[in-house]
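Remarks on the structure that follows.
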Protein chains: 2
Amino acid sequence: MINNNGRFSEETRKKVEKVISETGYETNDVAKSLRMQKSNTIGILIPDISSSFFSKVVKKIEAFLFSKGYSTIICNTDRNADKENAYLRMLEGKMIDGLIVISGVKAFGLDSMSKNIPVVCIDREPRDKETILIESNHFQGAFLATEAMIQKGSRKIAIIVQREYLSSSRDRINGYCQALEDYSLPFSQEQIIRLPDVIEPSRTELAKAALLARFKKGQRFDGAFAINDRLAIGAVQAALENGLTIPSEFRVMGFDNDSISKYCQPKLSTINQDSTGIAEKASQALLSLIETPTKKVARHQVIDVELIVRETI
Amino acid sequence: MINNNGRFSEETRKKVEKVISETGYETNDVAKSLRMQKSNTIGILIPDISSSFFSKVVKKIEAFLFSKGYSTIICNTDRNADKENAYLRMLEGKMIDGLIVISGVKAFGLDSMSKNIPVVCIDREPRDKETILIESNHFQGAFLATEAMIQKGSRKIAIIVQREYLSSSRDRINGYCQALEDYSLPFSQEQIIRLPDVIEPSRTELAKAALLARFKKGQRFDGAFAINDRLAIGAVQAALENGLTIPSEFRVMGFDNDSISKYCQPKLSTINQDSTGIAEKASQALLSLIETPTKKVARHQVIDVELIVRETI
DNA sequence: TTTAGAAGAGTAATCGATTACGCGTTTAAA
DNA sequence: TTTAAACGCGTAATCGATTACTCTTCTAAA
């Protein structure tokens with residue numbers, strides 16, 4: 001009929017095409033989905049769409065999938081497990097063909113659904129050992145950051161951490177520890193500055209206050225590696241307020257290469273994640289699962305990161 | 001049956017509920033949509049999901065609609081008319097119940113579809129005079145910004161503009177002009193610095209280079225009102241590079257209250273848009289159109305903005 | 001006791017696109 | 001010329017939920 005199925009003559013084709021153009025016929029995807037058991041739609045679960053890095057990734061995934069004929073339902077979960085599970089049910093009801101789950105999503109309901117529909121995780125440890133995981137090389141990034149500070153002369157580097165329940169956070173801590181070890185620098189628990197997972201005050205304020213508190217307690221650091229750029233900016237502010245010169249007396253490294261980092265003063269040195277690479281790998285992996293289920297996809301893909309030196313080291 | 005339609009006994013209800021819980025039945029939204037001619041889905045057309053202000057708005061719209069039982073398909077159009085129209089067709093095929101169109105979307109196909117499904121525009125002049133428009137009071141914001149600079153002592157204020165095809169941009173120019181007029185300050189065309197609508201170099205670089213070029217030509221300004229914060233940061237950099245002291249010799253105002261503005265050095269004074277207000281008004285207007293079509297909704301809703309004074313004025 | 005009316009349960013049509021199937025016609029091969 | 005295969009086209013079933021409709025049974029009123 002409309003597409004090459006069935007057999008029909010040139011004449012009928014013309015007639016059909018005429019009617020189509022005359023009436024402005026548009027195919028009804030809902031009916032099509034019901035019949036085909038396929039919606040050409042994929043779902044994305046993301047904790048916070050306004051987070052600069054992941055919104056970039058989502059944007060690129062969406063563009064890629066659109067070019068392949070898929071539309072994307074983006075679900076903002078606010079790190080709320082109930083909302084996540086509600087979305088999961090909704091997406092299932094909409095017969096999505098695939099699902100991408102981005103960092104920080106707990107989604108306990110995932111396990112029950114993942115049997116039927118293909119899932120790709122980004123920056124999120126899947127429970128199921130077969131689920132595909134795409135992530136930046138957080139370990140490498142943290143190592144590079146810490147190493148760079150050491151090479152510039154820092155000897156007592158703090159690490160500022162938040163949301164340790166994320167595997168990406170833990171990987172970054174490990175990378176940091178590895179660098180200290182490789183350069184034979186001592187490490188003690190008091191070098192870890194842990195921040196609560198709250199919305200108010202902002203991450204920057206939180207980091208600033210925490211580092212300032214450490215200074216007040218008499219702890220001395222000559223550098224801080226923050227797990228993201230927002231925290232790093234707080235560290236910069238704390239150091240400056242404490243009368244330290246950056247970078248000669250105190251060095252700071254961030255992570256994520258937030259668009260802020262280039263414009264804050266002093267300009268923040270950081271680790272750039274390859275949003276394009278992550279988006280491409282994730283989209284391709286998901287498409288492959290959907291369209292050629294027999295083809296094996298690498299279960300764990302790790303994307304290289306890049307050291308960006310600006311003015312804080 | 002499942003919901004209160006039809007008549008049935010307590011006994012049958014129990015049986016049905018038992019089977020539901022045993023089999024883990026989930027309603028199929030696709031079939032439901034086909035039958036009901038309603039998808040409980042709304043579409044959002046947005047030029048760039050990674051833009052900080054609108055991504056905040058979208059996030060809030062999505063949360064609101066989710067709480068009302070709707071899911072949201074977010075379509076990133078990249079300011080590409082073809083992509084916009086393709087999305088429009090796709091959304092129509094998915095039988096969306098409503099559509100939100102955000103600033104910078106051209107979507108020529110909108111006219112042909114808007115007859116059938118409810119549309120709400122945000123920050124975008126609709127062609128159709130009946131379509132609802134929600135926007136910040138750009139005029140007021142620009143006026144407040146310019147007025148604040150004048151009151152602090154600026155007399156020759158430039159305005160840095162990009163994407164003049166947006167009604168929001170034009171409103172901001174008008175607000176700026178009105179303030180100059182109200183304070184009896186002269187205005188000439190050379191005070192307008194127009195920037196091309198390109199992706200590379202960044203808006204900040206663009207603004208910086210343009211203002212620097214004006215300085216080099218011998219033009220003198222004691223302040224600049226930039227149409228958004230990215231441009232404003234460029235203006236700050238240009239002024240500093242030109243040896244001007246901020247704010248005593250040169251004042252800068254931005255617009256949008258980008259998350260950057262609080263952290264750049266000096267901290268940027270700007271105009272804050274009420275993302276929550278816009279999201280709420282837009283969602284409520286759309287829901288009203290969908291669920292109570294007879295009820296009239298204000299065609300044009302203008303949301304107040306707020307002057308934020310930091311260190312650049 | 002008869003009967004109108006209500007109430008429960010089951011059947012079938014519907015939404016729109018897809019596709020398997022069958023009938024009738026044409027063409028090519030034996 | 002006969003037979004088989006190819007071909008065009010129309011019909012009907014299907015996807016899953018909803019709902020209108022019918023049929024049967026039961027209750028209450030006359």
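Throughout, protein chains are lettered first and strands after them, A, B, ... in sequence-line order, and every chain is numbered starting at 1. Both backbone and side-chain heavy atoms feed into the values below; hydrogens, waters and symmetry mates do not.
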Practice task
Report the end-to-end axis angle of the helix from C/dT1-D/dA30 to C/dA30-D/dT1; each axis comes from five terminal pairs, and the value is rounded to 10°.
Solution key: 60°
Exercise for the section: For B/D78, enumerate each residue passing the salt bridge (Lys or Arg N to Asp or Glu O under 4.0 Å) test, keeping only those at least two apart in sequence or located in another chain. Expected result: B/K83
Handout entry: Side-chain donor-acceptor pair present, B/K295, B/S288, cut-off under 3.5 Å
Key = no
Handout entry: Contacts of B/D48 that satisfy side chain to side chain donor-acceptor pair (under 3.5 Å) - sequence neighbours left out
Key = A/K59, B/S50
Completion exercise
Side-chain contact check for A/L34: nearest option of D/dC15, D/dA17, D/dT18 is D/dC15
Completion exercise
Sorted by chain and residue number, the salt bridge (Lys or Arg N to Asp or Glu O under 4.0 Å) partners of A/D82 (sequence neighbours excluded) come out as none
Problem - Under the ring pair (Phe, Tyr, Trp, His ring centres under 6.0 Å) test, residues paired with A/F64 that sit two or more places apart - result: none
Exercise for the section: Using a heavy-atom cut-off of under 4.0 Å over every strand shown, decide if A/T27 touches base, sugar-phosphate, or nothing. Expected result: sugar-phosphate
Handout entry: C/dG16 OP1/OP2 closer than 4.0 Å to side-chain N/O of A/K32
Key = no
Exercise for the section: In whole angstrom, give the distance that lies between atom CZ of B/R35 and atom P of C/dC15. Expected result: 7 Å
Problem - Rounded distance in Å - CE (A/M95) to P (D/dG16) - result: 7 Å
Practice task
Quickly work out the A/K94 NZ to D/dA17 P distance and round it to whole Å.
Solution key: 14 Å
Practice task
Please report, rounded to the nearest Å, how far the P atom of D/dG16 is from the NZ atom of A/K38.
Solution key: 17 Å
Exercise for the section: Decide whether B/N257 and B/Q273 meet the rule of one side-chain donor and one side-chain acceptor closer than 3.5 Å. Expected result: no
Practice task
Grab the CD-C1' distance between B/E92 and C/dG16 for me, whole Å please.
Solution key: 15 Å
Handout entry: Which residues share a ring pair (Phe, Tyr, Trp, His ring centres under 6.0 Å) with A/F53, sequence neighbours left out
Key = none
Handout entry: Phosphate-side-chain proximity, B/Q37 and C/dG16, N/O vs OP1/OP2 below 4.0 Å
Key = yes
Practice task
Output the single nucleotide from D/dA17, C/dT18, D/dT18 whose closest atom is nearest the side chain of B/M36.
Solution key: D/dT18
Problem - Length of the line joining A/D29:CG and C/dA17:P, which is rounded to integer Å - result: 10 Å
